[in-house]
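The block underneath contains the structure these notes are about, expressed in structure tokens.
A note on names: the letters A, B, ... follow the listed sequences, proteins ahead of strands, and every chain is numbered from 1.
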Number of protein chains: 2
Amino acid sequence: MKGKEISSVENINSHIEEIENHAKIAVSVDCVIFGYDMEELKVLTIECNMDPYKGHPSLIGDLLDEGEDLDQAANRILKERTGIDNLYLEQIKTFGKVDRHPLGRVITVTYFALVKKADYNSNGMRPSPNSQWIALSQIEEMAFDHLTITNVALDTLRKKLLEYPIWMKLLPIDFSLPELQNLFENIIGKPLDKRNFRKKILSLDIIQESGKKQKDVPHRPANLYRVNQKKLKKEYSFLLKNPFHN
Amino acid sequence: MKGKEISSVENINSHIEEIENHAKIAVSVDCVIFGYDMEELKVLTIECNMDPYKGHPSLIGDLLDEGEDLDQAANRILKERTGIDNLYLEQIKTFGKVDRHPLGRVITVTYFALVKKADYNSNGMRPSPNSQWIALSQIEEMAFDHLTITNVALDTLRKKLLEYPIWMKLLPIDFSLPELQNLFENIIGKPLDKRNFRKKILSLDIIQESGKKQKDVPHRPANLYRVNQKKLKKEYSFLLKNPFHN
DNA sequence: TCAAAAGTGTTCCAGTTACACCCATGA
DNA sequence: TCATGGGTGTAACTGGAACACTTTTGA
């Protein structure tokens, strides 16, 4: 029996092909925007007004424009919705189930972004009235496949958190070690030993004492730290700017 | 000064919007197909016949069809090009620079796949004549942004390799520890200590002696091992089937 | 002076690294 | 008997985990 040849040779990657006549598809970019208010990790959502998901929170996103790169689109969306430019963002995954959106076929490229909540609240912009921060622990359902997306984003964040000091993108300039530990516990989802946590973080040499202390707390005030910029530049320079990986 | 409201409320995720009239875009799925022939890690490529990349190797891919899920498309492409169904595959990243493809705008969702080369060679299919396996060490240029994609795939593979025994997807049923070590060294890119490597792998309890030995080698024949199916089922069941993460 | 949370060191264990010689086979 | 690569154990080191008391502030 003579072997059949594997597939034809014609291919988008090898030969000229009629791209114009081929199926084109709507592509959206959705962002899982994380913020941390010294208590809980939250996600910025907008209320969905579309059957069958009416009333459910959905992620922040938009359709990709013709002449727009993916990272550009993510940045545009973040700027539009938070008022902040150049947020830390990273592509997560692309979701493309045929029936994932009730309006028709839309595949979505997803990103996660990290926002300092103080910036969000104090830029002179008024958030759109039907958007809100929801604590991760409070999220039960979301529109479309957005709960799945949020969970994948959280997994990604968890992993990155242990590899790189991206937590700094969620914190104000001055922060305390207990606040940082709480952030970690929130994201990782389990309590950490205080002494071991401090030892670990301080050994990284990525933060330094600011000299300041907490004020007006009904207990011993914590020392405030800030990021060691030298170390940051030397070892994590990609955290200094918005990384365009594309 | 009264705060300006952030963005309008209308949005693909919140309100009904004219999807039909919005920009639609060609979407392709490209696969970085890895194979290992007991010597080197290789990638399956096809020769590009399109200016300005004529003659360069490119990845295996195709345009996404209207009613096709992303993972489905990846599977279809792999089946078409390798003759094998249900290969191990995982989504890597989506690349969407506006000018990445000379035929027009095409964003590409990329996957990596792992093939046992013996399967590829012995399924009665004749590979298409202009496709070939290229050793990673030999790859210098590729068409489009495929070199970038391949490098990202390799990074992903490197990380996964240390976390899960996905290397089994590259090896024949019976394999020796020196072969496995060589595979690791090939992917990680540096030599490993023989004793430590064996200790580590054997302690995972994921392989067991098959009782067989290498034949016709001009030196002491190595013991052949195979995967411990019980352990595999218990701890890595996702390796038993093609994982549809979407 | 009390309540509340901040800050601080040491010991133990497990996993990783470094390292050198004998063994089985075919030629 | 030689050349070639296969197979084996131990000691030192490193990083993580467990764990309890003292300090500082505001009320």
side-chain hydrogen bond (donor to acceptor under 3.5 Å, both in side chains) filter on B:K160, not counting sequence neighbours, yields B:E90

In whole angstroms, the gap separating P of C:dA4 from NZ of A:K194 amounts to 15 Å

Rounded to whole Å, CZ of B:R198 lies from C1' of C:dG15 at a distance of 19 Å

Show me the donor-acceptor pairs, under 3.5 Å and distance only, between side chains in residues 175-185 of chain B and residues at least two apart or in other chains.
from   : atom 1 : to     : atom 2 : distance (Å)
B:S176 : OG     : B:E179 : N      : 3.2
B:S176 : OG     : B:E179 : OE1    : 3.4
B:E179 : OE1    : B:S176 : N      : 2.8
B:Q181 : NE2    : B:E185 : OE2    : 3.2
B:Q181 : NE2    : B:L192 : O      : 2.9
B:N182 : ND2    : B:Y36  : OH     : 2.7
B:N182 : ND2    : B:E39  : O      : 3.2
B:E185 : OE2    : B:L192 : N      : 2.8

Is there a side-chain contact between A:V152 and A:V32, using heavy atoms and a 4.5 Å cut-off?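 In short, these two side chains do not touch, never coming nearer than 4.5 Å.
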
Is any side-chain heavy atom of A:H146 less than 4.5 Å from a side-chain heavy atom of A:T45?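 Of all side-chain heavy-atom pairs linking A:T45 with A:H146, none is under 4.5 Å.
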
Enumerate the salt bridge (charged side-chain N to carboxylate O under 4.0 Å, His left out) contacts for [range], please, sequence neighbours excluded, ordered by first and then second residue.
range                       : value
residues 221-232 of chain B : B:D174-B:R226, B:K231-B:E235
residues 199-208 of chain B : none
residues 142-154 of chain A : A:R100-A:D145

Can you give the donor-acceptor pairs under 3.5 Å from side chains of residues 131-144 of chain A to other protein atoms, not counting sequence neighbours?
from   : atom 1 : to     : atom 2 : distance (Å)
A:S131 : OG     : A:S128 : O      : 3.1
A:S137 : OG     : A:E40  : OE2    : 2.7
A:E141 : OE2    : A:H56  : NE2    : 3.3

Under a 4.0 Å heavy-atom cutoff, the residues of residues 156-164 of chain A touching DNA chain D are none

Sequence neighbours excluded, the answer for side-chain contact (heavy atoms from CB on, under 4.5 Å) partners of A:P165 is A:W167, A:M168, A:I206, A:Y236, A:L239

Checklist entry - Excluding sequence neighbours, so at least two apart, what forms side-chain contact (heavy atoms from CB on, under 4.5 Å) with B:R158? => result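 B:L154, B:D155, B:I187.
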
Find every protein N or O atom lying less than 3.5 Å from an N or O atom of nucleotides 16-18 of chain C, and list the pairs.
from   : atom 1 : to     : atom 2 : distance (Å)
C:dT17 : O4     : B:K199 : NZ     : 3.1
C:dA18 : N7     : B:N196 : ND2    : 2.9
C:dA18 : N6     : B:N196 : OD1    : 3.1

Closest heavy-atom pair, A:I46 versus A:L59, reported as atoms and distance to 0.1 Å, is CG2-O, 3.8 Å

Return the OH to CG distance between B:Y111 and B:D30, rounded to the nearest 0.5 Å.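 Separation between the atoms: 11.5 Å.
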
*asked:* Taking CD1 in A:I173 as the centre, count heavy atoms belonging to other residues, nucleotides or ligands within less than 6.0 Å. Is the count above 12?
replied: no

Of all of residues 212-220 of chain A, which get a heavy atom below 4.0 angstrom from DNA chain C, listed by number?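 Output list: A:H219, A:R220.
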
Chain A reaches DNA chain D, atoms under 4.0 Å from its heavy atoms, from D:dG16 to D:dG26

